[in-house]
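Shown next, in structure tokens, is the structure this report addresses.
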Amino acid sequence: MLEKLENWRRSSYCGEVSSLHTGTVVTLMGWVQRRRDHGGLIFVDLRDREGIVQLVFNPEKNGQAHKKAHELRSEFVIAVKGVVQKRPAGTENTELKTGLLEVAIDEIKVLNDSDPLPFMIEEDTDVAENTRLKYRYLDLRRHALQSKLILRHKVAMSTRSYLSESGFLEIETPVLTKSTPEGARDFLVPSRLTPGSFFALPQSPQLFKQILMISGFDRYFQIVRCFRDEDLRSDRQPEFTQIDAEMSFVDIDDVIGVMEGLVAAIFKDGPGFELQLPFPRLTYAEAVGRFGLDNPDVRFGMELKDLTAIASKTGFKVFADAASKGGVVKAICVKHGAEFSRKDLDDLTAIAVSFGAKGLAWVKLTDEGWQSPIAKFLNDDEKAAIAGVLGAAKGDLLLFAADRFSIAGTVLGRLRLNIGARLGLIPKQGFNFIWVTEFPMFDYDDAEKRHVAVHHPFTAPMDEDLDKMEKEPLKVRAKAYDLVLNGVEIGGGSIRIHRSDVQARVFDLLGIAKEEAESRFGFLLEALRFGTPPHGGIAFGLDRVMAIMTGSDSIRDVIAFPKTQKATDMMCDSPSTVDQKQLDEIFIRLAKKAPEKTPEKTAEKPPEKA
RNA sequence: GGGGCCGUAGUUAAGUCGGUUAUAACGCUGGCCUGUCAAGCCAGAGGGCGCGGGUUCGAGUCCCGUCGGCCCCGCCA
């Protein structure tokens with residue numbers, strides 16, 4: 001028999017019952033975590049957002065309440081009134097924040113019951129993720145997930161407070177906007193009032209925030225949802241949240257300075273972690289040279305060394321060929337890696353191949369000298385020179401990549417991470433920040449046979465490289481910067497182009513025709529002509545920041561309602577088909593009928609309560 | 001587009017060389033039980049093995065296809 005709340009009101013959260021309440025009557029509301037029914041005494045763990053407290057129902061003290069408690073089941077929603085008391089000596093529970101106390105219940109109202117759950121609400125759950133995603137509201141009852149979202153709230157509050165105090169204005173930008181070339185695939189929204197035309201959901205508010213600078217708002221920020229219709233990863237969702245900011249009359253160091261302050265603020269206000277400022281910086285060239293990747297994890301060594309000069313003169317054809325074709329020969333030294341088994345080396349080779357290597361040359365430095373398939377191609381001087389550059393000693397393993405600069409870097413960079421993790425070289429705790437600066441402006445896309453922007457087409461070139469743009473575009477560095485946390489890119493930004501002539505030159509170089517630039521970005525090009533201040537900014541991936549801050553393996557853990565790898569929502573079963581009438585209204589005709597969805601299971605309902 | 005791992009009661013798992021009626025724990029239901037906190041003890045219900053084909057006297061086990069989840073490559077300015 002369910003009861004009404006009526007005039008009962010909560011006096012305290014369960015998790016906040018403390019010794020200050022001892023001897024007083026409290027009113028608590030929450031979910032039954034567990035009932036321990038001794039026939040006589042009944043213990044109930046009552047749970048709410050803030051924690052758990054033990055309730056005691058004593059038949060001799062209050063028969064009515066005790067009788068009701070007997071009927072309680074997991075996840076029933078109840079309200080209770082009772083006196084907070086110290087637990088009898090020897091029955092304290094040190095696992096629980098409230099474990100020295102309990103509430104002796106005089107009155108109870110059962111506000112709602114619950115069917116048996118598809119899975120138990122437990123901290124250390126081993127339930128399959130698809131089941132948890134289908135019943136996301138139940139998974140979210142777990143303290144582990146609640147605390148992550150609560151921390152996310154604190155970080156958002158801290159962001160608003162810090163940026164507001166630093167003169168930034170929170171201004172909203174459209175969600176229905178314009179599709180632009182370059183970048184990720186857009187999510188499209190058909191326009192009913194302009195038949196045949198489409199809005200795009202923003203990949204980021206990039207153009208709008210630049211326009212806001214042109215309008216003179218000086219400093220803007222937004223905690224904003226962004227959309228990219230690309231394949232998912234554990235750190236990529238089709239809709240994700242950025243802390244987006246832009247400021248006027250600044251150069252690189254100004255943006256970096258203010259944003260370091262923001263990062264320090266959110267780590268202090270969130271997990272209470274004091275960060276040391278300023279963060280170290282690495283140029284892009286250093287990062288890819290020493291670590292192979294532009295998001296270097298600098299928490300451990302095993303850095304890449306260049307052996308091109310030595311290797312090019314050896315009799316090993318793979319090395320010599322790579323060098324003569326303009327590529328490089330690089331290597332890493334795995335300390336004590338000579339113990340790796342044949343299978344370990346096969347695994348590493350498979351990883352190398354997956355990142356584009358043709359193979360993986362290795363050397364074990366053993367008591368008998370160089371144990372390696374390539375040892376016979378190298379003379380003693382060459383071996384000594386290689387070992388010297390790598391600082392290699394007996395017992396070490398050397399891994400070589402001979403390829404184009406970017407592939408050799410990626411291969412060794414990834415191997416380095418894999419081996420670092422395998423050998424436990426990467427600290428489990430702590431936050432390591434590093435700025436990566438001086439990115440190249442352009443990259444050459446072999447498939448499309450044209451230059452593409454490394455950051456985005458609105459990024460300003462470094463002043464001293466401006467003249468190289470047409471002659472040596474690949475040597476032009478950009479005023480772009482990324483913030484890397486524990487080897488993960490958590491944010492990136494740039495100083496923007498504020499002159500329409502420079503912007504036109506960049507579009508030109510990217511092979512964006514004048515007409516296309518006009519139709520896609522015409523409003524920006526025009527705006528740039530009406531007095532645009534120098535400006536620049538940054539965007540942080542809030543989901544990634546939160547995932548690292550909370551030690552989560554996936555950003556799904558810090559998003560209340562995330563999507564699966566196929567970009568579906570298992571709880572509300574989106575996306576879904578729509579009525580023909582809805583399609584007619586937006587002038588959409590399906591090219592072919594979508595395949596029928598076959599239900600995964602028929603018996604998906606939890607068991608009926610007996 | 002591609003590679004890998006996975007799918008058996010509500011949940012997590014076991015299931016040998018293809019062979020009677022598919023096994024366990026937790027959960028659930030009922031009973032007993034006054035200091036438990038993963039309460040305990042006793043009894044019970046519950047699935048036909050993601051789905052569809054095929055091979056076979058016989059398929060959870062083998063084959064083909066398909067659906068779904070996760071990790072990764074490509075993709076993600």
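In the text below, chain A, chain B and the rest are named by the order of the sequence lines, each starting its count at 1. In this text, all values refer to a predicted model and were calculated from it rather than measured experimentally.
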Can you tell me how far [atom1] in [N] sits from the matching atom in [M], rounded to whole Å?
N	M	atom1	answer
B:G50	B:U8	C1'	10 Å
B:A13	B:C6	C1'	13 Å
B:G27	B:C70	C1'	25 Å
B:U29	B:A45	P	16 Å
B:C75	B:U12	C1'	36 Å
B:C72	B:U66	P	24 Å
B:G60	B:G7	P	16 Å
B:C42	B:C33	P	16 Å

Please, which pairs that meet ring-ring contact (aromatic ring centres under 6.0 Å, His included) have at least one residue in residues 30-68 of chain A, sequence neighbours excluded?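 Applying ring-ring contact (aromatic ring centres under 6.0 Å, His included) to every pair that reaches into residues 30-68 of chain A, excluding sequence neighbours, yields A:His38-A:Phe43.
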Would you tell me if any nitrogen or oxygen in the side chain of [X] comes within less than 4.0 Å of OP1 or OP2 on [N]?
X	N	value
A:Gln54	B:U36	no
A:Arg73	B:U29	yes
A:Ser234	B:C72	yes
A:Ser354	B:C72	no
A:Thr94	B:C37	no
A:Arg36	B:A39	yes
A:Arg233	B:C73	yes

Suppose we screen for salt bridge (Lys or Arg N to Asp or Glu O under 4.0 Å). Which residues come up paired with A:Asp229, at least two apart in sequence or across chains?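 Partners of A:Asp229 under the salt bridge (Lys or Arg N to Asp or Glu O under 4.0 Å) test: none.
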Crowded around [X] [atom1]? As in, over 12 foreign heavy atoms under 6.0 Å?
X	atom1	answer
A:Arg404	CZ	no
A:Glu92	CD	yes
A:Arg499	CZ	no

Pair of N/O donor and acceptor under 3.5 Å linking [N] base with [X] side chain:
X	N	answer
A:Arg34	B:U36	no
A:Arg556	B:C70	no
A:Asn130	B:G7	no
A:Arg35	B:C37	no

What's [X] touching, base or sugar-phosphate or nothing? Going by heavy atoms closer than 4.0 Å.
X	value
A:Asn93	base
A:Glu129	sugar-phosphate
A:Ser204	base
A:Val127	sugar-phosphate
A:Asp229	nothing
A:Glu102	base
A:Phe355	sugar-phosphate
A:Thr459	nothing
A:Val56	nothing
A:Gln33	nothing

N-glycosidic conformation, B:G48 - syn within 90 degrees of 0, else anti: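 Syn, since the glycosidic angle lies within 90° of 0.
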Atom pairs under 3.5 Å: protein N/O with N/O of nucleotides 41-44 of chain B:
none

Tell me the partner of [N], counting only Watson-Crick (N1-N3 plus N6-O4 or O6-N4) or G-U wobble (N1-O2 and O6-N3) with both under 3.5 Å; none if nothing fits.
N	answer
B:U61	none
B:G7	B:C67
B:G40	B:C32
B:U55	none
B:A24	B:U12

Gap separating the [atom1] atom of [X] from the [atom2] atom of [Y], nearest 0.5 angstrom:
X	Y	atom1	atom2	answer
A:Ile538	A:Tyr481	CD1	OH	6.0 Å
A:Leu412	A:Leu399	CG	CG	7.5 Å
A:Arg142	A:Phe119	CZ	CZ	8.0 Å

Could you tell me the separation between the [atom1] atom of [X] and the [atom2] atom of [N], rounded to a whole number of Å?
X	N	atom1	atom2	result
A:Phe57	B:G35	CZ	P	17 Å
A:Ile121	B:G27	CD1	P	14 Å
A:Arg142	B:U11	CZ	P	16 Å
A:Asp557	B:C71	CG	P	10 Å
A:Met120	B:A25	CE	P	14 Å
A:Gln203	B:C76	CD	P	10 Å
A:Glu122	B:G10	CD	C1'	13 Å

Any ion pair linking [Y] and [X] (charged N to carboxylate O, less than 4.0 Å)?
X	Y	answer
A:Arg47	A:Glu75	yes
A:Asp45	A:Arg36	yes
A:Glu50	A:Lys97	no

Listed nucleotide nearest any side-chain atom of [X], set [options]:
X	options	answer
A:Gln565	B:C71, B:C76, B:C26	B:C71
A:Glu230	B:G68, B:C28, B:C76	B:C76
A:Ala184	B:G35, B:C76, B:C26	B:C76
A:Arg236	B:G69, B:G74, B:G10	B:G74
A:Asp231	B:C76, B:G1, B:C37	B:G1

If we only count heavy atoms from C-beta on, is the A:Asp347 to A:Arg422 side-chain gap below 4.5 Å?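 The answer is yes; the side chains approach within 4.5 Å.
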Are A:His38 and B:A39 stacked, counting the six-membered base ring, centres under 5.5 Å, planes under 30°? yes
Under the 5.5 Å and 30° test, is A:Phe43 stacked on the base of B:U36?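 Aromatic stack with B:U36 present for A:Phe43.
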